[in-house]
Structures are given as structure tokens and as C-alpha cells.
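I am attaching a structure below and will ask some questions about it afterwards.
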Amino acid sequence: MNSLIAYTLHLADNALILSQRNSEWCGHGPVLEQDIAITNISLDLIGQARNFYQYAESLINHSDGTAANPASEDSLAYLRTEREFKNLLLVELPNGDWAQTVLRQFFFSQYQYLLFQQLQFSKDEQIAAIAAKSIKEVSYHLRWSSEWVIRLGDGTRESHDRMEKAMNELWAYTGEMFEPAGYEKEMPVESEEIKKEWDEKVRQVLEEATLTLPPASEKGSVFMHTGGKNGIHTEYMGHLLAELQYMQRAYPGCEW
Amino acid sequence: MNIQIRKFFYGDIPDDQSGGNDLKNTQGPSSETKKTDWPLWEVFIRSRQGLDHKHAGSLHAADAKMAIENARDVYTRRMEGVSIWVVESKYIHATTPDESGELYEPAEDKIYRYPTFYKLPDEVNQM
Amino acid sequence: MAVQDLEKIFQQKIEQEIKIEPKDWMPEAYRKANIRQISQHAHSEIVGMLPEGNWISRAPTLKRKQILLAKVQDEAGHGLYLYSATETLGITREETINDLHSGKAKYSSIFNYPTLTWADIGAIGWLVDGAAIVNQVMLTRTSYGPYARAMVRICKEESFHQRQGFEILLTLSKGSKEQKEMCQDAINRWWWPSLMMFGPHDKDSPHSEQSMKWKIKRKSNDELRQSFVDMIAEQVKVLGMRLPDDHLKWNEERKHYDFGEIDWKEFWNVVKGNGPCNKQRLDARRKAWEEGKWVREAAAAYAEKRKARQKAA
């Protein structure tokens, strides 16, 4: 598999898996308006995932025109195993409470925003086009999630405590975003630059939210979990896929 | 908690026939509602450039930012390129139906405000 | 003005098809009937998210997942429009929701049936949304302005819901043997409950008469049910499936389909709380509300803080 295909799948998987997680809130949100908001984000992400999968599909079929079963967006989403998925560990973690969900969204959207800002100028026209189209959506996700981080961090004692707890849960999964996998190294992405800007923006929001980073992070000595990009996932991932892929696995080869 | 609820379709079944649930045994959370009840906002949307903002509906939000974002999610799920106004419902002052006579009826006499009041020759009647 | 005169003016407005608006004088019973009906309708939209939501994580393709997510989200929106309409009658959304959670308020019994297979998502779209649309189209002409406007918006948005449901079943009906069986099974399970959605027979529906007089409702339960049966009995032929009713037959004289009697024992059982999912549905709604309490409190507290800071500055 060439790097471009792997990279495109990585982008698609991130969007799909986070969409899957966020969609668990649909019908169960803390208030009707926010139920609608988180579902909107979920819808945007699945839209992005489909765009990237469709591009990956054309790349794969083009490079192997003789395959008996040509790839499709659905075969890529529904028929790969957990070892083949390349998403960040961050997006597959369970939702936790609303604090953890909005903090995860904030970390991810801030990253996606900076990443897509670079990718929209990518020489690969398809990737550039999808990034350019998605960046409008991502700006909204970023605004929505950062406002929630501030609201909860600076809300009540309980909400503040819950945000600190979410921070401790999630922080160790943020490092993976900036550790390029093999297939990323060939992409024109300045990971170092993204990391610098991400750190800065995240700190600004956390400060306004009266939240602090885990103490060790100041010295840069927090252990960061990695592996998702190369198919080494958390145990949660298998269960997530078992649910997501159930129909295609139980009834192979059907039209739906 | 042993709560079974009584269900209806769109108001068809009267309260006394529905049974299945002794209301005295249910603990309504109503005693502690005040603090979490977000204010109501009215939403006005410009659906296209060049059009007026039009009342679209209302929603609950804790603050104006949230109200605008919710309005986008709730009332523009099928539209693009909009402008949104929100205003807390309590700041809207309205006429009462009793006053509508004095407010609107005088205008009915001012027929000279309407273009059809002026008879023009056919050549310029498209004016 | 004497109350009798007000009532006369009110009834005249109704007869002249002039909509009643929130600040207009209205009989207390009219207000109550509207609160009851609109809030039940709102609760039905919200509880109705749950059976379909049950399949979001397992939808068989990305496209289907996207459509289903959008559809369930629409239902949240519709619940919101309707709660807003009840608020114009002087009852807050929180009060209305508390009535649902305490068991005082009702919602449509149909949502107490489980979604067991993917085909159920198709059957809900086709039959349940189909039945709802028959009702809702009528309600766009209801006499209370905010309710009518909410219904216009809802009907516009719902137009795709029934179509997507039918399309799901159509795809299944052309598929493998298992898919066809799944399709027929879902129709078998959802047909009778969807007929029950129209409520008791007119003669057993005491609220109906007053509601018709006030033009809150504009057609009787039995009339609406008949037009639904006539529509579905034709559409099922396209699917090559059958409706589970041996008495279903075209009646040339009436120019309508005859159909069998509903199992009213089951109907009242579900109404009284003994449906397959009554408990789960209400538990899920209550859980979401209770677990969201700290979120709502925090956002309110933050908004207060900001206001105070702005004042101080």
C-alpha cells in the first residue's frame, strides 16, 4: 500500500471513528439543543470520512485494476479489521461524560483545523479539495467545543472537577497527533509547526477555562500513548468495530 | 423505581382512562428546576442575501453565543449562507390584541399610501 | 367584555379559519387541550428518537448511517419546535419535560415497540412516519397559530423520512432471501401498531369531538386511519410484500379498503405502560436528563458569571 492511500485512510478513519463515538449521544444529550449540535458534528465527520474513503477507493482501484473485489467506501469502512484501521487512539476512546466528549472534540478539532489549513494547499488536488471544504465545518466544531471547554471549566465546582478529570484521561492521548507515522512523513505536513500552534491555542483556551495541564506536561515528561496510526489500538476499538461492522459481517455481499 | 408511564397518541385518550401509574408514587424533579432552566431566545433568520430577517422560532440557550450556534444547528439544517439574529424572549415587547384596533385601523384610511390610489395613463402604469 | 362574548368571538374566529395566536383570549379548556396535544406530540418526537437511534451505530452502509443520523436529528428539531409551541401557552419546556419524566404526560405508544432488525428502520420510515404524516398534514391547518406553523415546518422536513424508509424496504425486497424475510417480518410487526397510532375509534375517543369543534383536530381518527390504509395497501404491492391482515380487501362500493379489527387489548396494554419497551424508553430519557443536569447548571452559572464580569468592567 502506498503512502498516499495509507494517509488518506488515516484521515478517513479519524473522521469515521469520532463520528461513530459522537453519534452515541444522539437521543441522549444533556439538552435538546446540544443533542442536535453534537449530532451535527457527527454528520459533518461522517461526510468527511466518506469523501476520504471515496478518494482512497479510487486510488486503490486505480493501482490494482484487476482486483476481483474492487474497494468501495463501504468495504473500507466495514470490512477492514482493527489492525488495519489507522485512526488516532484519541478518537476511539469511549465518550465518558459531556466534559470528556467536548474536551476530546476540542483537542481533535484544533488539530484538524491546523492540519486542514496546511492540507488545503496540498499538491494532491483531491486531498486539498476535501480539506478546503471541510475546514468550514471544522472551524465551527472548534468554536463550539472551545466554548464548551471554557463554560465547563469556569462553570460550577462540579463541572470544573469533571473537566480536570477529563484532562487527566485524555491528555496522554494528544501526543500521537504530532508523531508522524511512516506514511505521513512523505506528506507535505509540518507536524512540528502544527504542534507548536496547537500548544499555543490549547493553552489559551484552557487558561480562559481556568484549567491546568497535568503537572508533568510542563516538563514535557508525560507519557504519550501511540499506536493507532499503525493499527495498534486500544481494546475499545474491537468492540466499536464489532458494532459498526455488524451488518456487513453478518450478511456479506448484500445491497442495503 | 417502579414507574410505568401512561401513553397517548396526540391527545386522544383522556387522563382517567390511561391508568398504569400511580402519580403519587412518582417523584417529580420539579423542585429543583430553577437553576438549570436556560432562558428562551427568539431566532430571526435571513435565508438569502437581500431578504429581511424573519422570525424562525425559539430555543433555549445559556448565553447569546450558544443561542446563535444552536440557531444555526436547529433552524438552518437545510440552508446555507444565512445571517442570524437572536434576542432573549423577555426583551420582546408586543402589542396586545386589544390595542390592535388603535394601532392598525387608522392606517386603513390612509389609502393615499397605496400605489393603486394613483390613476396613471396606461403608458406609465407599470410604475 | 363578558366571558360569554369572548367565547363567541373566539368561536367565530375558529369558524372563519382565523388562527388563534398566543396573546388572544381563549377558553381555558382550549389552552389545556392544546398544551396536552402539542406536548404529547413533542414527547413523541423525542422518545421516537430512541428506537431509530438504536440502529445508528449499526447502520449497514455509510450512506444509510448518514441518512439515519440526519433523520433522528430532525426529530430532535421537531421536538424542539413543538416544545416551543407549548411554551407560547404559558408552560415552560422544563415543566413539560418533567411531566414526561414523572409519568404524567404521554407520548405515542408506537415508540414502545422494539427495533429488532435493520428492516425495522425501513418499516418505521414507511409505516410509522407515513401514519404520522397523515396526521401532521391535517395539523398544518390546526387552529392554534404556533402549532400550525410548527407543523408546516415539520411536514416540509419530514418529506424525505417516509421516502427513505420505503427505499430501505425496496432495497431489501430485491435482495437476498434473508433480506426479503427481514423485510416481511418487519412489516408484520409494525403494521398493526401503526394502525393503532390513529388512536381509538371515534366513538371511544371523547376528546375528539371538542377538538374537532375547535379545529385543533380536523379529521376523525377513523377517517385518518382509513386514508392511511388506502395508501399503504397500494404501496405494499410495489414491495411485493403483504400486510398481515386477511380481511384487507378493496371495497368497490365504499371506494376504500376494508380491513380487520385492531387488537384493542394490546393497544390499551401498551398505553397503560405494559408495552415491550415502555420502561426502557422512559428510563433512557430520564437518564439523559439527570446526567445532563450538571451540564445545564454549569452553563447557566458561567453565563451568570460573565454577565457579572461585564457589569463590573
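Below, chains carry the letters A, B, ... as their sequence lines are ordered, and counting in each starts from 1.
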Cut-off 4.5 Å, heavy atoms of chain A, and the answer for C:Ser176 is side chain

Using non-hydrogen atoms only, which part of C:Leu50 is less than 4.5 Å away from chain A: side chain, backbone, both, or neither?
side chain

A:Ser75: partners by side-chain hydrogen bond (donor to acceptor under 3.5 Å, both in side chains), with sequence neighbours left out:
none

Any side-chain heavy-atom pair of C:Glu291 and A:Pro30 under 4.5 Å
no

Take A:Trp256 and C:Lys63 through the side-chain contact (heavy atoms from CB on, under 4.5 Å) test and state the conclusion after the steps.
CA-CA 10 Å; A:Trp256 298 99; C:Lys63 190 180 112 193; over 6 Å; no

Side chain from CB out, backbone as N, CA, C, O: work out which of these in C:Glu178 comes under 4.5 Å of a heavy atom of chain A, or both, or neither.
side chain

If you count the non-hydrogen atoms of other residues, nucleotides and ligands that lie under 6.0 Å from OH in A:Tyr55, is the total more than 12?
yes

Taking side chain as everything from C-beta outward and backbone as N, CA, C, O, which of these in C:Ile46 sits under 4.5 Å from a heavy atom of chain A? Side chain, backbone, both or neither.
side chain

Using non-hydrogen atoms only, which part of C:Leu80 is less than 4.5 Å away from chain A: side chain, backbone, both, or neither?
both

Residues of residues 9-18 of chain A within contact distance of chain C, non-hydrogen under 4.5 Å
A:Leu16

Tightest non-hydrogen contact, residues C:Leu62 and A:Ile46, listed as O-CD1, 3.7 Å

Region of A:Asp35 in contact with chain C, defined by heavy-atom distances below 4.5 Å:
side chain

Test your reading of the model: is there a side-chain donor-acceptor pair from C:Arg58 to the backbone of A:Ala242, 3.5 Å cut-off?
no

Identify every side-chain donor-acceptor pair in residues 92-100 of chain A under 3.5 Å, counting partners at least two apart or on other chains, and give the distances.
unit_1	atom_1	unit_2	atom_2	d
A:Glu92	OE1	A:Asn87	ND2	2.9
A:Glu92	OE1	A:His233	ND1	2.7
A:Glu92	OE2	A:Thr234	N	2.7
A:Glu92	OE2	A:Thr234	OG1	2.6
A:Asn95	OD1	A:Arg104	NH2	2.9
A:Asn95	ND2	A:Arg21	O	2.9
A:Asn95	ND2	A:Glu24	OE1	3.3
A:Asp97	OD1	A:Ala99	N	3.2
A:Asp97	OD1	A:Gln100	N	3.0
A:Asp97	OD2	A:Arg162	NH1	3.0

Mind checking which of residues 305-313 of chain C sit less than 4.5 Å from chain A, heavy atom to heavy atom?
C:Lys305, C:Arg309

Is the closest side-chain heavy-atom distance between C:Arg93 and A:Leu32 below 4.5 Å?
yes

Are any side-chain N or O atoms of A:Gln248 and backbone N or O atoms of C:Pro60, one a donor and one an acceptor, separated by less than 3.5 Å?
yes

Taking side chain as everything from C-beta outward and backbone as N, CA, C, O, which of these in C:Arg64 sits under 4.5 Å from a heavy atom of chain A? Side chain, backbone, both or neither.
side chain

Taking every non-hydrogen pair under 4.5 Å, which of A:Met247, A:Glu255, A:Gln20, A:Arg50 racks up the most with chain C?
A:Arg50

Side chains of A:Tyr251 and C:Gln179: does their closest heavy-atom pair fall under 4.5 Å?
no

Would you say C:Ser57 and A:Glu243 are linked by a side-chain donor-acceptor pair, where the criterion is simply a distance under 3.5 Å?
yes

